[in-house]
Amino acid sequence: MKKKSSKNINNSDDKVNSKEENREEAFRAYFEIVTKIVYTLNLISDRNDMTRRLSNNIDRALGYDDEIVTNNEKTANSANEVELLINSLRSDVRKISNFKKYNFNIERFIFERELNLDERFILYSLLTYTIYGDSMSAISIRRILELITLNSDIYINKYHYFDPKSKLMSSGIFALSHEPYPSGGILEISNTLITFVNSKVIFAFLEKDDYSVIENVINSEEIVRKYSSDNTSSGKRKSSASDVLTPKEIVAELDKTVIGQDDAKKVLAVHAYLHCLRINGNKEIPFRSNILMIGPTGVGKTYLVKTLADILGLPFARADVTTLTETGYVGDDVEVVLYNLYRKANGDLEKAQHGIVFLDEVDKIAKADAHQSTTGNPSDKAVQEALLSMMNGEDIRVPEFGDRRMMHSSDGIIMNTKNILFIFGGAFVGLDDIIKMRLKGESSLGFGSNAVINKLQKNRILSQVDVKDIEKYGMIPEFIGRIPIIVTLNELTKDNLRDILTKTTESPIIKYTSFFKSIGKKLTITADAVNYIVDKASSMNMGARSLKSIVETAMVNILFNLDGIKGNTLTLTKYDLEKVFSEKEAVNSGNEEKKLDNSNKNFSKDEQSYMA
């Protein structure tokens, strides 16, 4: 009985392997037909192009009346060829149905998206061009339209297949881009390129990956459309609170990846909620509230806003305002910020007009004042003034290719900024002193004595910030007056740093653990080592950035000596970290003899260091 059972198992394995081999062979045969269909579409396109060029009207316009008879014969011959090719194409399309039982990912996508024949041809063409052309190369939309125009019709009539709301484009598996030179009108179609959003989608279509890869992309795109696409036939947005995450739900999502900053999360969640209601058509929220985030470096300002945008499915663009200049001067024009948002929205203007822009280092464009060294850039005030138009919700002419020098005064994209949420961030070093001075002046009104104010921690001081404090810091009244919401972020505590190091996906330790696992080794870190990293990071006053700096420094020697390490388990101890930073400090101080003794109490034979 046992032999029989074993034989049955072997036969079962053989059947599975045979089935997989048969499926692979079937897909090769199937894709050969797909390739032949695209090749035939190319031939038809070439013949149709010849027919159109040889039409009587064009001949007369070009003054070739003597060649009309000859050209008519050529046109007739070309038309006959096209008819034969179309018959061949129909035959190949019918052959595709023979592979229905395999439910290949390409055909599954076509069935689930309910694509018509033209859309089927578009998908076939993009796959074939991508595989047999340059890797992940982009193809001109015009070329694709010419391929699927089988008769003498004008290709532009099928441009609707590339509308953001079309079955193909709304799936999210494609990305649009533009060639880097200006164009307008119909020529823009020639300059608009299309490619797959990532290589994983291509592998999935080629049966090298699971269909779930495609489903994940489609599901992500549906989340984006939940807030950015039209929901009614009239073209107006659905005003339904049930379709929008509530502030508590947004905070719950933020808590999964962002450590601490509870007050900032609450404020951002509330105004993100109002923003989503507004862009979904709720007329009871007519205004937009721009936000200013104040906090020291490394506390997570950018990460918090980026995560918020990801949760809401909105396009997000970040810019460092110190690189911006007023129009006409060396540097990036402020309009480049909007261009970056447009690019992050994959060229979808409507989606970009509902996105989030984060402008960092805004404190660096404060005009020179008493708290500064008076070495500020004299154009800083001009940059603040240049940003006012965006903050007012005006229509801004944005360079389509990100460079105003390549744009005529009447060219570019008109972007409405009324529904773009602008969030500003900055460390505002020295702002706490300005707040203290104001509070001391108000102490007689009941806030507290000067002695109490002097003992307040910096976090509590910053929480008392007022618009007048920001104005005194150097922001012009017109600028700060358009930012009604001010939220402060606290310095990260040791507990916050420990949680970032051990619990978040952005932790350098977790990333290195995954890396070592990918090369067949296991990285473990002792509790003492974690405490050492946290203590050192806290003393560096760089926030979460210091965690990465410390871990990266410790990993240099490990990775350099990786080939000499015996075994597959690596253990990072407090001793290893102390040794690295002791040697670094000794080199920096010029005293290279200052080393840690190998008899350090934190080191034992039972816990041998792979760095020793």
Side-chain angles (χ1 to χ4, degrees), residues 254 257-261 264-265 267-268 271-272 275 288-312 314-326 331-344 352 355-367 372 376-377 379-391 402 417 420-432 462 465 470 473-476 479-480 482-492 500 506 541-546 548-549:
L254 288 172
T257 53
V258 181
I259 302 298
Q261 312 301 356
K265 287 177 186 175
V267 173
L268 286 175
H271 289 282
H275 176 69
R288 171 198 60 196
S289 297
N290 299 317
I291 302 171
L292 173 62
M293 301 174 67
I294 299 174
T297 182
V299 297
K301 295 185 291 292
T302 303
Y303 184 66
L304 185 55
V305 180
K306 173 68 170 63
T307 305
L308 178 69
D310 289 342
I311 290 169
L312 301 178
L314 297 174
F316 168 81
R318 178 200 173 276
D320 187 333
V321 296
T322 59
T323 65
L324 305 179
T325 62
E326 56 183 319
D332 293 331
D333 296 335
V334 292
E335 292 85 356
V336 171
V337 175
L338 297 179
Y339 167 74
N340 290 336
L341 185 66
Y342 174 73
R343 186 167 54 85
K344 290 295 180 68
I356 298 176
V357 170
F358 181 65
L359 294 163
D360 203 5
E361 307 288 356
V362 71
D363 55 316
K364 302 299 191 300
I365 59 169
K367 60 180 181 176
Q372 296 176 318
N377 189 334
S379 68
D380 287 340
K381 179 182 176 184
V383 175
Q384 293 186 50
E385 292 171 341
L387 290 168
L388 295 181
S389 296
M390 296 183 199
M391 299 167 70
T417 58
I420 297 175
L421 181 61
F422 290 95
I423 302 177
F424 300 85
F428 286 87
V429 176
L431 179 62
D432 54 325
L462 287 177
V465 66
I470 306 296
Y473 191 87
M475 310 307 292
I476 61 175
F479 182 83
I480 193 61
R482 288 167 173 79
I483 309 177
I485 309 301
I486 301 176
V487 58
T488 57
L489 283 80
N490 300 325
E491 291 184 349
L492 297 175
I500 292 171
E506 295 300 313
N541 294 320
M542 290 172 52
R545 291 191 180 96
S546 56
K548 183 178 180 183
S549 174

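The figures here come from the full heavy-atom set of this structure, side chains too, leaving out hydrogens, waters and symmetry mates.
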Discussion item. Go through it in stages, so that I can follow the logic: the residues are V321 and V337, the test is side-chain contact (heavy atoms from CB on, under 4.5 Å), and I'd like the CA-CA distance, side-chain angles, deciding distance and then a yes or no.
Written reply: CA-CA 9 Å; V321 296; V337 175; over 6 Å; no
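- For L388 against F479, the heavy-atom pair with the smallest separation is CD2-CA, 3.7 Å.
- A donor-acceptor contact shorter than 3.5 Å is absent between the side chain of Y303 and the backbone of G298.
- The minimum heavy-atom distance between Y342 and A352, with the atom names listed, is CA-CB, 3.8 Å.
- The minimum heavy-atom distance between G430 and Y473, with the atom names listed, is C-CE1, 4.3 Å.
- Rounding to the nearest 0.5 angstrom, the gap separating the CG atom in D363 from the CD atom in E361 is 6.0 Å.
- The shortest non-hydrogen separation linking L489 to P296 is O-CD, 3.7 Å.
- Here the side chain of K301 pairs no donor or acceptor atom with the backbone of F424 at under 3.5 angstrom.
- Between I500 and E506 there is no side-chain heavy-atom pair separated by less than 4.5 Å.
- Q384 places no side-chain N or O within donor-acceptor distance of the main-chain N or O of M475, the cut-off being under 3.5 Å.
- We find the CG-CD distance between L254 and Q261 to be 11.5 Å, quoted to the nearest 0.5 Å.
- Checked for salt-bridge contact, D360 and R318 meet the test: a charged N lies under 4.0 Å from a carboxylate O.
- Heavy-atom minimum distance, A317 versus N340: CB-C, 4.1 Å.
- In this structure, N290 contributes its side chain and R482 its backbone to a donor-acceptor pair below 3.5 Å.
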Worksheet entry | Test log, rule side-chain contact (heavy atoms from CB on, under 4.5 Å), inputs H275 and L314 | CA-CA 11 Å; H275 176 69; L314 297 174; 3.8 Å; yes
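- Of all heavy-atom pairs between L492 and A544, the closest is CD1-N, 3.7 Å.
- Listed for the E491 side chain is no donor-acceptor partner under 3.5 Å among the backbone atoms of V299.
- Looking only at side-chain heavy atoms (C-beta outward), I470 and I294 come within less than 4.5 Å of each other.
- Among I423, T488, L359, I483, the one residue that satisfies the side chain to side chain contact (heavy atoms under 4.5 Å, CB included) test with L292 is I483.
- Between the side chain of K344 and the main chain of G355, no donor-acceptor pair closer than 3.5 Å is present.
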